[in-house]
Amino acid sequence: MGAVENREPVNDQMRVRKDKIQDLRRLYNSAYANRYERTHNCLIAQALDDGHKPVVLAGRVISIRQFGKLIFGHLQDFHGKMQFAAQQSVLRDKFDPLKRLVDIGDYIGIEGEVFTTKKGEKSINVVKWKFLSKALRPLPEKFHGISDPELRLRRRYLDLVMTPDSMARFKKRSKIIRAIREYLNNNGFYEIDTPILTGKASGAMATPFVTHYNALDMNVYLRIAPETYLKRAIAGGFEKVYEFARSFRNEGVDSSHLPDFTLLEYYVAYWNYEDNMVFTERLIRHVLMEVFNDVRIKYGDTVINFETSWPRISFRDLLLQDTGVDVYECTTKEMVLEDMKKEGIDLSDEIDIEKASRATIMDQLYKKMSRPYLIDPVFVIHHPLDLSPLARRNDENPKVADRFQLVVNGWEIVNAYSELVDPVDQAERFRQQAQAKAEGEIEAMEGETDFVTCMEYGMPPMSGWGMGIDRLVALFTNASSLRDVVLFPLLRPE
RNA sequence: GCGCCAGUAACUCAGUCGGUAGAGUAUCGCCCUUUUAAGGCGAGGGUCGAUGGUUCGAGCCCAUCCUGGCGUACCA
C-alpha cells in the first residue's frame, strides 16, 4: 500500500471543492451517487435528431461556460462528448446548485432533449440532472492539456481524459489484441496460462528479475519468455496453444524496450516454420483489416504495405549482400572477424569483441548493418544455428535453423521457428550455451533439465512463434515509443 | 552507462544585465440566456526540483545531487 497519510488539501481549490461536498451532502445526501441509468452515450446522442427525448447521459464535465441564467458545458464519456445547455427558466430551483456546485472534472448525469444551438452544435437541453461524483482536484488547463511527458506517464488517467489521441491509441491496442485473440481462437487455438514465477529463466537470452520465495526459501525468477512451458503443454497433448505472456527482462529501458512487456507466443503441433510464415501473413493482414480496414499503415512519413506476399531472404544472403561477410564460410569467430576487417567493418564500439561469441558478433552485424534497412515486411530466414538454441536444424544445411523473423520498419516483430524436439540435440545445445556462458558470454540461454526430460518423453514436431505486442501496437498506431502504448509504465517513485 | 536539454502557482508558460515573483487557464466574489480557449470588473494562490557556495543581494552565477525528456549503446 502506498502512503495515504496526508490528504490535507494542497491548495485553495481543493479546499473550495471539499466545502462544496458539504453542500452536496446537505442537498442530496452525498456527493458520490450510488448508480445512474443512461439511455445513450455521447457518440450515439450526437447522431440523434432534434427533439429526440428523453436522452440521459452521464460523464465527466470537461468544460463550462456560464452566462448568469444560462450555462453551456461539455460532458465527456468513453465514446465521445456532448454539449449541454442548462437554463434557469427550465431548471428553476435545480439551476443554482448546478451553477454553484459543479466544477470541471466532476461527474454528472443529465436528462433532456436534443436540440441544435444557433452556432450549429448538437446539444442537450437539460431538464433534469444528477450529481454523480465530485473531483477535488481541477483538471489540467483546457487548451494546452497535459504536455509534460513525465506527467502524462505518471498521471496517465489525466492524459486519457485530456488527450483524445492518447485515448484513441489505447482503444486501438485493445482492438488489436482482441482481433489477434479472435483469429487464433477461430483457428482452433487454446489460450493457456503458464508460470510467471519460475525456478529458471529460460526460453530467451536475457537477464531475469530475481526475487525470493520465503515459503520454499528459494530464489525465483520472473519469466523472460513462456516458451519452454508452452512446449511442455504441446508435449502433454495440446496441439495449438497460445498465451499473451507478460514477460520481464532486467535490462535497459528506452523507447523500444520496457522491463515488462507483452509477448504473445503460440505453438502448433505438426507445423513447420514454413506453415507458420503463411499463417503469420494471414494473421497480420486479418488484424490490419479488422482494426484499420486497410493493409497499409502510416508510420511517421513512411507508408508500410503489408499487402503483397512478403519476401523471404536468408540470414546469410542478407549479411553477404549488406556486409560481404559469408556466415557459411566463416565457421569460427576469428574467421568472421577477419572478414569484417577485410570489409572495413568495426563493431568494437558496440560490443566487447573479446567476450563475444561468433553468434553474438553475427547478431550484431545483422542488427547494425541489415535490419535497420528493412522497412516493408520481410521474412528473414535460416539464422545460424548457434543463434537459435531452441530451433530445429535445417535438413539440407546443418549450419542453419528452420527459423524466420518478421522484420518491419527495422523492428523485429515476430520470431519463430520449427521447434527442436530432439532431446539429445537439445541437451547438447544447452551444454554449448553453458560453455559460452562459462567463457564469459553474457548472452547465453539458461538450460533446463526438466524441459529436456519432457522432451525425452516425446514431443511432436511443431512450430512456435513469438511476437512483441507492444511493438506491434506502436507500429500500428504510429507511436514512437513503447511507453506510448503501455498505460502505466514503470517509473521511478516520485 | 555516456552526451545534450529541462524542472518557476493545480495546468500551460514568461521572467531582460543578479535588485526582493508575473500572465493565461483553473479557483473565489460581482455582472451576463447562444457560448464553445465566451467576455468584463475585482480577489486569493509560490519552499522558483534539493543542498551547499559566490554576493550587500540569487529564480538567474558556480558546485554537487534528485527527477524527467531526447539522442546514443545493450536486451524484444
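Because the structure is a prediction, the values reported are computed rather than measured. Computed from heavy atoms alone, side chains included, the values below leave out hydrogens, waters and symmetry copies. The chains referred to below are lettered A, B, ... by the order of the sequence lines, with proteins before strands, and numbering in each begins at 1.
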Item checked: Centroid-centroid distance, A:F279 to A:W465, less than 6.0 Å -> no
Notebook entry, point to check: Closer to the 5' end of RNA chain B via nearest nucleotide, is it A:S256 or A:S123?
Noted result: A:S123
Give one of base, sugar-phosphate or nothing for [X], where a contact means two heavy atoms less than 4.0 Å apart.
X	answer
A:G145	sugar-phosphate
A:S147	sugar-phosphate
A:D148	sugar-phosphate
A:L258	base
A:G468	nothing

Checklist line | Per A:E150 side chain, nearest of listed nucleotides B:U34, B:C32, B:U67 | finding: B:U67
Check: Which nucleotide sits closest to the side chain of A:R154: B:C11, B:G68, B:U33?
Finding: B:G68
Look through every strand shown and name the nucleotide pairing with [N] as Watson-Crick or G-U wobble, where both distances are under 3.5 Å.
N	value
B:C61	B:G53
B:U27	B:A43
B:G18	none
B:C2	B:G71

Next item on the list: Specify the residues of residues 78-95 of chain A, ordered by number, for which at least one heavy atom lies under 4.0 angstrom from an atom of RNA chain B.
Entry: A:Q83, A:Q87, A:S89
Item checked: Nucleic acid contacts of residues 219-232 of chain A, taken as heavy-atom distances under 4.0 Å to RNA chain B -> none
Note to self: With a 3.5 Å distance limit and no angle check, can you tell me whether A:N478 reaches the backbone of A:G300 through a side-chain donor-acceptor pair?
What the structure shows: yes
Which atom of [X] lies closest to which atom of [Y], heavy atoms considered:
X	Y	result
A:E251	A:A206	OE2-CA, 3.3 Å
A:I224	A:A201	CD1-O, 3.6 Å
A:P226	A:T194	CB-OG1, 3.8 Å

Using the [atom1] atom in both, what is the distance from [N] to [M], to the nearest Å?
N	M	atom1	answer
B:U12	B:C4	C1'	24 Å
B:G3	B:C11	P	31 Å
B:C62	B:A73	P	31 Å
B:C28	B:G68	P	34 Å

Next item on the list: Show your working on side-chain contact (heavy atoms from CB on, under 4.5 Å) between A:R17 and A:D106 and close with a plain yes or no.
Entry: CA-CA 10 Å; A:R17 285 169 180 238; A:D106 293 351; 4.1 Å; yes
Check: Is there any ring pair (Phe, Tyr, Trp, His ring centres under 6.0 Å) pair reaching into residues 40-69 of chain A, and which pairs are they, with sequence neighbours excluded?
Finding: A:H40-A:H52
Check: Do any pairs count as a ring pair (Phe, Tyr, Trp, His ring centres under 6.0 Å) and have a residue in residues 68-87 of chain A, sequence neighbours left out, and if so which ones?
Finding: none
Enumerate all atom pairs, one protein N or O and one N or O from nucleotides 1-9 of chain B, separated by less than 3.5 Å.
none

Checklist line | Straight-line distance of A:L487 CG to A:R156 CZ, nearest 0.5 Å | finding: 6.0 Å
Provide a list of protein-nucleic acid N or O atom pairs under 3.5 angstrom, restricted to nucleotides 27-31 of chain B.
residue: B:C28; atom: OP1; partner: A:K20; partner atom: NZ; Å: 2.4

Next item on the list: Verify whether one side chain among A:Y221 and A:N250 offers a donor that lies under 3.5 Å from an acceptor in the other.
Entry: no
